[in-house]
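Presented below is the structure to which this report refers.
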Amino acid sequence: MARPQQRLAANAAGPFYVDRTCIDCGTCWQFDPAHFAPTGRTSHVWAQPQGEGEIRAALLALQACPVAAIGTARELLAQSPADGFPALITSLPEGEVHYGGWASRKSFGASSWLITRRQADGRHDNVLIDSPRWSGALARRIEALGGVRRILLSHRDDVADHGAWAQRFGAERWIHAADADAAPDAEHRIEGLEPVALEDDLLVLPVPGHTAGSVAVLFAGQVLFSGDHLWWGVEPPGVVASRRYCWWNWQEQVRSVQRLLDLDVRWLLPGHGRWHHFAPGEWRRELEATLARVGARVGAREDRGGEP
Ligand code: SF4
C-alpha cells in the first residue's frame with residue numbers, strides 16, 4: 001500500500017501520488033497518460049484528475065499498479081471501480097479486445113489482453129494474451145464476459161500467474177518451445193518460425209529476438225499483440241524495437257521485425273510501452289522507418305567491431 005510519507009516530490013499537489021516503491025514499469029502512464037508520466041527512474045502524478053471520469057481513470061491506474069505504489073485519499077479509494085478491468089480497447093466484428101489491468105510484479109507490470117468472442121454456435125471462445133496478476137475481482141469480471149478458453153503466452157517474461165488463470169477457467173496454454181521452461185505446465189508448444197493458425201482469425205507469429213521463444217499474436221488480421229518484440233514510443237513517435245531490451249539475439253529480432261512488414265496492423269498492443277492505433281497502410285511506413293533506424297544502429301555497431 002502506498003504511503004504518504006514516501007510520496008515522491010515530483011508529484012503534482014493533490015490527493016493522488018506515487019511513492020518511492022514505484023518500479024517504473026510504466027503501467028500507470030500507459031493506461032492514464034492524462035495524469036501519470038515517467039520521471040526518470042520512477043513515475044509521478046503530473047496532473048491531478050478532475051471530475052468523475054478522470055478520477056475513475058486514475059483509480060484504475062492505481063488498481064493496475066503491480067506494486068501498490070499509487071496512493072490517494074481514503075474517500076477516493078472507497079470509490080474504486082469494481083468493474084473497470086478488463087477495459088475495452090476496440091470492438092470488431094470478430095470480437096472485442098480489452099486491456100486486462102491488474103499488472104503483475106512477476107512480469108514487471110507487463111500488459112495482458114483479453115479477446116472476447118463467440119463461436120458460431122454461440123459458445124464463448126475467449127483468449128487471454130499474457131497473464132495479469134491473480135485477482136478474484138478480475139476473475140469474476142472475466143467470468144461474466146464468458147471466461148477464458150485459451151491463454152497465449154508471448155514469451156517467458158510475461159507468464160506471471162498463468163497457472164492460476166488456467167486452473168480457474170480450465171483454459172489451455174500455448175507458449176513457444178524455446179521459452180517453455182518458463183511455463184512447463186503449458187498444454188501446447190509452438191515450434192520453429194512458421195505462423196500457427198489457431199483459428200482463421202487467430203494467428204501465432206513466432207518473432208524470436210527479444211527472447212528465443214517470443215511470439216506475437218495477430219487477431220482479425222489487424223490487432224497485433226506484440227509482447228516485448230515491438231511497442232509504440234512517443235519520443236520520437238514510432239514503433240520501437242529495442243536493442244537495449246533485447247535479451248537474446250538482436251539480429252534475429254530485426255529479422256523478426258522484417259517478417260511483419262506485409263501486415264496491415266491497426267492496433268499494436270504490446271507487453272510494455274504504449275499501445276497505438278494505426279490508419280490503413282500506416283503500419284508498413286512506420287515499420288520501414290523503424291527498420292531504417294535500427295539498421296543504422298546495427299551498421300554503426302558492426303563498424304565498431306561487432307557485438308558488445
Ligand atoms: S504503475 Fe506503479 S510501479 Fe508502475 S510506473 Fe506507475 S506507479 Fe510505478
Side-chain angles (χ1 to χ4, degrees), residues 1-50 53-74 76-77 79-87 89 98-114 129-135 137-138 141 154-155 157-161 210 225-228 231-235 240 242 244-245 269-276:
M1 184 160 177
R3 296 206 171 97
Q5 315 88 279
Q6 297 191 342
R7 178 182 178 121
L8 294 167
N11 290 293
F16 281 87
Y17 63 92
V18 174
D19 82 3
R20 283 208 313 259
T21 61
C22 170
I23 59 171
D24 196 25
C25 71
T27 295
C28 55
W29 49 259
Q30 288 151 26
F31 178 74
D32 184 13
H35 305 112
F36 295 88
T39 313
R41 295 192 167 187
T42 60
S43 297
H44 67 290
V45 175
W46 73 270
Q48 292 289 334
Q50 306 292 331
E54 291 191 19
I55 288 173
R56 177 185 164 91
L59 286 169
L60 287 176
L62 181 155
Q63 203 173 83
C65 174
V67 294
I70 302 174
T72 191
R74 192 170 297 174
L76 290 172
L77 265 183
Q79 300 172 25
S80 283
D83 61 351
F85 295 122
I89 300 294
H98 313 255
Y99 167 56
W102 295 93
S104 172
R105 183 175 204 147
K106 294 174 192 165
S107 56
F108 199 70
S111 297
S112 62
W113 308 95
L114 179 71
I129 290 105
D130 288 329
S131 169
R133 75 177 181 269
W134 172 256
S135 152
L138 181 62
R141 286 287 302 143
S154 68
H155 67 297
D157 302 333
D158 292 355
V159 300
D161 294 327
H210 171 73
F225 304 95
S226 56
D228 291 349
W231 61 83
W232 185 258
V234 290
E235 289 179 6
V240 176
S242 172
R244 181 178 173 196
Y245 295 108
L269 302 179
H272 288 106
R274 292 183 198 263
W275 61 80
H276 190 71

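Every number for a ligand or one of its atoms is a count from 1 in the order of the listing. Quantities reported herein were computed from a predicted structural model and do not represent experimental measurements.
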Next on the checklist: Once you measure the plane-to-plane angle for Phe225 and Trp113, does it fall in the parallel (<30°), tilted (30-60°) or perpendicular (>60°) bin?
Outcome noted: tilted
Taking only heavy atoms of [X] into account, list the atoms of ligand 1 that are under 4.0 Å away from them.
| X | result |
| --- | --- |
| Ser43 | 5 (S) |
| Ile23 | 3 (S), 8 (Fe) |
| Val18 | 7 (S) |

Next on the checklist: Checking side-chain polar atoms at under 3.5 Å, does Asp130 have a donor or acceptor matched by the opposite partner on His155?
Outcome noted: no
Next on the checklist: Going by side-chain contact (heavy atoms from CB on, under 4.5 Å), Phe85 matches just one of Arg141, Gln63, His98. Which one?
Outcome noted: Gln63
Checklist outcome for this item: Going by the 4.0 angstrom heavy-atom rule, the piece of Val67 near ligand 1 is side chain
Checklist outcome for this item: So for Ile70 against ligand 1, with non-hydrogen atoms under 4.0 Å, the contacting part is side chain
Checklist entry - Which atoms form the tightest heavy-atom contact between Thr27 and Ala103, and what is the distance? => result OG1-CB, 3.8 Å
Checklist entry - Any idea which heavy atoms bring Val18 and Ile70 closest together, and the distance? => result CG2-CG1, 4.2 Å
Checklist entry - So does Cys22 have any N/O/S atom less than 2.8 Å away from atom 6 (Fe) of ligand 1? => result no
Protein heavy atom at shortest distance from [atom]:
| atom | answer |
| --- | --- |
| atom 4 (Fe) of ligand 1 | Cys25 SG, 2.3 Å |
| atom 6 (Fe) of ligand 1 | Cys28 SG, 2.4 Å |
| atom 2 (Fe) of ligand 1 | Cys65 SG, 2.4 Å |

Next on the checklist: His35 and side chain to side chain donor-acceptor pair (under 3.5 Å): which single residue from Gln48, Gln50, Glu54, His44 fits?
Outcome noted: Glu54
Checklist entry - Do other residues, nucleotides or ligands put more than 12 heavy atoms under 6.0 Å from the CH2 atom of Trp134? => result yes
Checklist entry - Are any of the heavy atoms in Gly26 under 4.0 Å away from ligand 1? => result yes
